[in-house]
Amino acid sequence: MIKIYNTLTRKKEEFQTLEPGHVKMYVCGVTVYNDAHVGHAMSALVFDIIRRYLEYRGYTVKHVMNYTDVDDKIINRANALGEDPLKLSQRYIEAYANELASLNILPPTATPQVSKTMPLIIEFIQGLIRKEAAYAAPNGDVYFSVPNDKEYGKLSGRKIEDMQAGARIEVGEAKNHPMDFALWKAAKPGEISWDSPWGKGRPGWHIECSAMNLAELGEQIDIHGGGNDLIFPHHENEIAQSESYTGKPFARYWIHNGMLQLGGEKMSKSLGNIVSIKDFLKKRGADVMRMLVLMGSYRAPLIFSDETQDAAEKSLERLKTALRPASASSGGLSAEVASALASQAESTKQAFIEAMDDDFNTPLALAALYELVKAINTARDNGATDAQLQPAQSTLRELTGVLGLQLKEKQGSSEDEAKVNALITERNEARKQKQWARSDEIRDQLKEMGVTIEDSKDGTKWRWS
RNA sequence: GGCGUCGUGGCCAAGUGGUAAGGCAAGGGUCUGCAAAACCCUUAUUCAGGGGUUCGAAUCCCCUCGACGCCUCCA
């Protein structure tokens, strides 16, 4: 039984889908006006891991991730660049999709865009007005009427009065109540706009997600996800809109990931402390980013530093050691020892599932994997053959695959490989003649080429590092 | 000011009543010409601090201190 921490109830709950065996999951994507950063990658990875695990447990997952391609920031950036806003956002959509693929994130089953959902958004707003949950202001804006929604604040645990005390709320002249938020914004001169019953304009930020949810997944969904910075106001407003419109409970489980932190602060475009996904991938591999996410709880802040990145890289290396082949000269394990390895594989699998079932406890799941790593390596040291290692290794592959880890050994060009082999042959000649200085010199040379070597009874092994 | 999350060894981190998982780092050992990798051993009488509940608390309650997030665009 899978348990999920639900932001709505602030409790772990048993996971039960609306429809047996099927999961409808909507995750807030990004506003596309700039390069995405590793914080976005974290969020995408968290929900990719959740999706992969749910699929592993037998669910069919409909995974919707939206692109906000109509927004103030996009318009400003497009104006600055003298580019059409939709062309600009399209460019960043393609870039983001490629980056997600590079991170080994499964493509969502649908990726709706605001600009392509306009008729439904307008219809949604009309519906809210009909139900008196919203009103059109004389200037062409349309607002959601917060005081008319008795349940407003249930996700974020806020009271309308408390928020007003914050005094940071801008009182728009056209609003009836300071907490009301825009569903439709009248177009300013020269801005991109769409025709609507209220004149030319464009949607507010929150309504798009309500509309796209309805379009892609229907009135009720199982999982709604995103970063915890979206809890208020975005998700609060989404609930308000969707539930006012349908009269039904919207999402069963609200899942929010913690923020990625750089130097003790949240990484965000407005703070300017950004590491882009592009730059990260130049320095480190996709697995390193994923490992960083796996090492901590998805709900907690993720400390992004050189130190944690190094640790993630080393931890990956450790997982990889278990997947390496048996020693060529191995004499085989006794039946007893071989069956002990098999039972470790089985108990690791169970521990892994138990950990992941408990609100996707990836650090605990990893701990289970390391036990299997140790068992495999010990078996190899004790002379296991490849055939004896293989079942345990394939269990390890299966489980790391569920987490989305690729654990590929690094590759070099075949030209370089020839060079490496020549050097190793030369070194082994030197070693035969006990010319240790020459031998070590060659090893240093190889190291500079990015090659690690290991001498063993079966000869010299090497790999790119 | 309000709402929320949280404070566990050098770093990351699991652990919601029964006596501190795991990874990285560090030290010692086996192996090796030396390394590397693997394996073995060692490293928190203690869980921000102070009270309280309990036979028993990192885990529950109260207070204090501190960090972070949200209350404005934000994954």
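Each chain gets a letter, A, B and so on, in the order the sequences are listed, and its residues count up from 1. Treat the numbers as computed from the prediction; the structure is a model and nothing was measured.
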message: Using a heavy-atom cut-off of 4.0 Å across all strands, would you classify A/R427 as base, sugar-phosphate, or nothing?
response: base
Ranking A/A300 and A/T378 by the position along RNA chain B of their nearest nucleotide, the one closer to 5' is A/A300
Item to complete: Considering only atom P, compute the distance from B/rU72 to B/rU64 and round it to an integer number of Å.
Response: 27 Å
With A/S43 as partner, the option from A/N257, A/D229, A/N228 fulfilling side chain to side chain contact (heavy atoms under 4.5 Å, CB included) is A/N257
Numerically ordered, the residues 430-441 of chain A set in heavy-atom contact under 4.0 Å with RNA chain B is A/R431, A/W436, A/S439, A/D440
A/C28 has its side chain closest, among B/rA14, B/rA75, B/rC39, to B/rA75
note: A/R290, atom CZ; B/rC12, atom C1'; distance rounded to Å ~ 19 Å
Here the distance between atom P of B/rA37 and atom CG of A/L319, to the nearest Å, is 16 Å
May I ask you to verify if any side-chain N or O of A/N361 is less than 4.0 angstrom from the OP1 or OP2 atom of B/rA14?
no
Around atom CD of A/Q433, are there more than 12 heavy atoms of other residues, nucleotides or ligands at under 6.0 Å? yes
Assert: residue with more 5' nearest nucleotide on RNA chain B, out of A/R10 and A/I453, is A/R10
Hits for salt bridge (charged side-chain N to carboxylate O under 4.0 Å, His left out) against A/R77, two or more places apart or cross-chain, chain-then-number order -> none
Q. Relative to each other, are the rings of A/F352 and A/Y53 parallel, tilted or perpendicular (30° and 60° limits)?
A. perpendicular
Closer than 4.0 angstrom, basic N to acidic O: yes or no for A/E317 and A/R463? yes
inquiry  = Treating A/R284 as the side-chain partner and A/M289 as the backbone partner, does any N or O pair qualify as donor plus acceptor under 3.5 Å?
reply    = no
The Watson-Crick or G-U wobble partner of B/rG10, with both key distances under 3.5 Å, is B/rC24
A/S242 meets the side chain to side chain contact (heavy atoms under 4.5 Å, CB included) criterion, sequence neighbours left out, with A/F124, A/S210, A/F250
Nearest-Å distance once atom P is located in both B/rG15 and B/rC39 | 25 Å
Residues passing the side chain to side chain donor-acceptor pair (under 3.5 Å) test with A/T395, sequence neighbours excluded, are none
| said: Within the 4.0 Å heavy-atom criterion, would you say A/H256 contacts the bases, only the backbone, or no part of the nucleic acid? | reply: nothing
Write down the protein N/O and nucleotide N/O pairs, taken from nucleotides 18-27 of chain B, whose separation is under 3.5 Å; answer none if there are no such pairs.
unit_1	atom_1	unit_2	atom_2	d
B/rG23	O2'	A/S315	OG	2.2
B/rA25	OP1	A/K314	NZ	3.2

Applying the 3.5 Å cut-off to both distances, the Watson-Crick or G-U partner of B/rG18 turns out to be B/rC55
Paired to B/rC47 by Watson-Crick or G-U wobble criteria (both distances under 3.5 Å) is none
Separation of B/rA13 atom P from A/D358 atom CG, nearest Å, is 18 Å
note: A/E454, atom CD; B/rU32, atom P; distance rounded to Å ~ 15 Å
Counting any heavy atom closer than 4.0 Å, what does A/G39 reach on the DNA or RNA strands: base, sugar-phosphate only, or nothing?
base
Taken in chain and number order and not counting sequence neighbours, the residues that satisfy salt bridge (charged side-chain N to carboxylate O under 4.0 Å, His left out) with A/E441 are A/R438
From the candidates B/rC12, B/rA75, B/rA38, the one with an atom nearest any side-chain atom of A/T308 is B/rC12
In whole angstroms, the gap separating P of B/rA37 from CG of A/D458 amounts to 18 Å
Taking B/rA75, B/rA13, B/rA38 as options, the one with an atom nearest any side-chain atom of A/D381 is B/rA38
In whole angstroms, the gap separating C1' of B/rA36 from NZ of A/K457 amounts to 15 Å
Is there any protein nitrogen or oxygen under 3.5 Å from a nitrogen or oxygen in nucleotides 66-69 of chain B, and what are the pairs?
unit_1	atom_1	unit_2	atom_2	d
B/rC68	O2'	A/Q261	NE2	2.9
B/rG69	OP1	A/K266	N	3.3

### Message
Would you measure the distance from the C1' atom in B/rU59 across to the matching atom in B/rG18 and give it in whole Å?
### Response
11 Å
Check: For atom P, what is the distance between B/rG28 and B/rA35, given to the nearest Å?
Finding: 12 Å
Sorted by chain and number, sequence neighbours left out, salt bridge (charged side-chain N to carboxylate O under 4.0 Å, His left out) with A/R52 holds for A/D48
Using a heavy-atom cut-off of under 4.0 Å over every strand shown, decide if A/L292 touches base, sugar-phosphate, or nothing. nothing
### Message
For A/K320, is the NZ atom crowded, meaning more than 12 foreign heavy atoms sit under 6.0 Å from it?
### Response
yes
- [ ] Could you tell me whether A/S270 contacts a base, only the sugar-phosphate backbone, or nothing, with contacts defined as non-hydrogen atoms closer than 4.0 Å?
- [x] base
Partner of B/rC31 under the Watson-Crick or G-U wobble criteria, both distances under 3.5 Å, comes out as none
Notebook entry, point to check: Quantified in whole Å, what is the C1' atom distance between nucleotide B/rU43 and nucleotide B/rC68?
Noted result: 30 Å
Discussion item. Categorize A/L230 for me: base, sugar-phosphate, or nothing, with a 4.0 angstrom heavy-atom threshold over every strand shown.
Written reply: sugar-phosphate
Applying salt bridge (charged side-chain N to carboxylate O under 4.0 Å, His left out) to A/E13 and not counting sequence neighbours gives none
Just checking A/D71: base, sugar-phosphate only, or nothing, at a heavy-atom cut-off of under 4.0 Å?
nothing
Sugar-phosphate, base or nothing in reach of A/G153, heavy atoms under 4.0 Å:
nothing
Across all chains, not counting sequence neighbours, the side chain to side chain donor-acceptor pair (under 3.5 Å) partners of A/Q113 are A/D69, A/Q90, A/K116
B/rA48 and B/rC6, which share atom name C1', separated by this distance in whole Å
11 Å
* To do: Look at the side chain of A/R443 and the base of B/rA35, then say whether one donor and one acceptor between them are separated by less than 3.5 Å.
  => yes
Across all chains, not counting sequence neighbours, the ring-ring contact (aromatic ring centres under 6.0 Å, His included) partners of A/H206 are A/F181, A/H234
Rounded to whole Å, CD1 of A/I160 lies from P of B/rG2 at a distance of 19 Å
Determine all donor-acceptor pairs shorter than 3.5 Å in which one atom belongs to a side chain in residues 365-374 of chain A; sequence neighbours excluded.
none

Note to self: When you measure only distances, ignoring hydrogens and angles, does the side chain of A/D455 come within 3.5 Å of the base of B/rC34 through a donor and an acceptor?
What the structure shows: yes
Determine the interatomic distance between C1' on B/rC73 and the same-named atom on B/rC65; round to the nearest Å. 33 Å
Checking N1-N3 plus N6-O4 or O6-N4 for Watson-Crick, or N1-O2 and O6-N3 for wobble, each under 3.5 Å, the partner of B/rG4 is B/rC68
Taken to the nearest whole Å, CD/A/E317 to P/B/rA37 is 9 Å
Span that lies between the P atom of B/rA67 and that of B/rG29, in whole angstrom:
44 Å
For B/rC73, the nucleotide meeting Watson-Crick or G-U wobble distances (both under 3.5 Å) is none
